[in-house]
Amino acid sequence: MALSTILETPGAGFNFDNAERNAALEGLFEGGQTPKPLKTGTTIAGVVFKDGVVLGADTRATSSDVVADKMCAKIHYISPNIYCCGAGTAADTEKTTDLLSSNLSIFSLNSGRNPRMVMAVNILQDMLYRYHGQIGANLILGGVDCTGNHLYTVGPYGSVNKVPYLAMGSGDLAALGILEDGFKHDLELEKAKELVQAAIHAGIMSDLGSGNNIDICVITKEGVDYIRPYQESEYKDDRKMKYKYRPGTTAVLTEKVVPLNLEVVQETVQKMETV
Amino acid sequence: MPIFGQQISINNDLVPDWTREEVSTGTTIMAVEYDGGVVIGADSRTTTGAYIANRVTDKLTRVHDKIYCCRSGSAADTQAIAEVVSYQLGFHSIELDEPPLVETAANLFRASCYRYREELMAGILVAGWDRRKGGQVYCVPIGGMLVRQPVAVGGSGSTYVYGFMDSNYKPGLNKDQCLELAASALSLAMERDGSSGGVIRLATISEEGVERRVILGNQLPKFSTH
């Protein structure tokens, strides 16, 4: 362990020194007061339909028993034709998807092509497998490329499944029930959106960690329609987010103007340097 | 350090299985040699703890045109190993300018599985056809052993069908008999093993090429105790 007075550049990549320490600590405190990473209870779902892919997510981010963010965005942008829903540790899903997005942008700029789904999936799989489950990201990737419409899921240990419909998160069991019942191949756009909305709604109703509004993202060959929110929760609160009042709201009772007579004591001129 | 509120411990029931369990292909896989090729088969269930993450998994993975592997164990580990071997075989085959031997593929699997035996959890059956020895089945279980067998089963469901295989396999079966044997064995295993289920995926590999088929859940062979 270096002394704090010696400046040391941190090594590249993750440092798992603390993992052993945490494991030892957990043994000491039965009941465990070691810090646990924040997980957003979530319901996310995806469906492949005739012309593309529909992704859906709820918008609740919880910090143990309190709702930390009512309008959290769980559908992340990866590239113009690929979007990704993330469940699991909030920070991990954010950073992983950001990293993927940056890498794919560089690839696009270098090659002049839109990235393909398999490329995104392979990059994610490589990265997550390399970190052996330490990155707690459960991701649903949906997108349209020159080879067709695809939906993949990537798990935290680096396992990949290619499927026509999918749900993830703490509300996944409820959502999957709706999807198993209602899914057919080659659905029309409106039916697909309804199905995904019903699936997320089931997750919101049945899971404490999911709630508030529903976001939907439709990806087709023509482009992306990110509808946020697609459906707002009935339980909206009336709090104003901004507390600015227009002049005149409070009545002016008296006005007193006092002119300040100032004397010029000293005057200096500094020339500005011009080229 | 101040802690605001409670954090949900991972031992709490509210935190679902899939967040802490690794994805496993608790599974039944098998491979049988016949004169002229091999028949390989697998169930289609991938589990994370008690939750079925994928009920239509394809565990028969191509590593070369006429060499396939059946994967059991950790889904992530086996997918990674299969990709590595697929790359190595492809490269080797281009260098040689001829199709690779099944024994080569099996050795590549064994090399990875044995070297990283402490970190990996992978039980793999390698099967295929080559010009030198025809249809071959090689077993690379957890730990990285390599042995050629005329018929091999693997995965958590295999324990339920050793008796069936021992009594029903005879040398000299033809392709259709092998397919029937495989379908029956897999069906029996899927009936008894909780980690195996879904559909049966079968494939035959021979000089003509690879032929894949699926037996759906309602078409599985039935036995009297079902």
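Every chain is numbered from 1, with letters handed out A, B, ... down the list of sequences.
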What part of A:Val66 gets within 4.5 angstrom of chain B, counting heavy atoms only: side chain, backbone, both, or neither?
neither
Donor-acceptor check, side chain of B:Ser74 to backbone of B:Asp77, threshold 3.5 angstrom: yes or no?
yes
Is a side-chain N or O of B:Thr57 found less than 3.5 angstrom from the main chain of B:Ser44, in a donor-acceptor match?
yes
For A:His76, does the NE2 atom have more than 12 heavy-atom neighbours from other residues, nucleotides or ligands under 6.0 Å away?
yes
A:Phe183 vs A:His185 aromatic rings, parallel, tilted or perpendicular, using cut-offs 30° and 60°?
perpendicular
Between A:Asp58 and A:Lys74, does at least one N-O distance fall below 4.0 Å, as a salt bridge requires?
yes
Check this for me: B:Tyr162, atom OH, are more than 12 non-hydrogen atoms of other residues, nucleotides or ligands nearer than 6.0 Å?
yes
Ranking B:Val56, B:Asp58, B:Asn54 by heavy-atom pairs under 4.5 Å to chain A gives rank one to B:Asn54
Chain A heavy atoms under 4.5 Å from B:Glu119: which part of the residue, side chain, backbone, both or neither?
neither
Is it true that a side-chain atom of A:Thr59 and a backbone atom of A:Asn213 form a donor plus acceptor pair closer than 3.5 Å?
yes
Contact class of A:Leu173 relative to chain B, heavy atoms under 4.5 angstrom
side chain
Just by distance, do the side chain of B:Thr104 and the backbone of B:Pro100 share a donor-acceptor pair under 3.5 Å?
no
Report, by ascending residue number, the residues of residues 175-182 of chain A in heavy-atom contact with chain B at a distance under 4.5 Å; give 'none' if the set is empty.
A:Leu176, A:Glu180
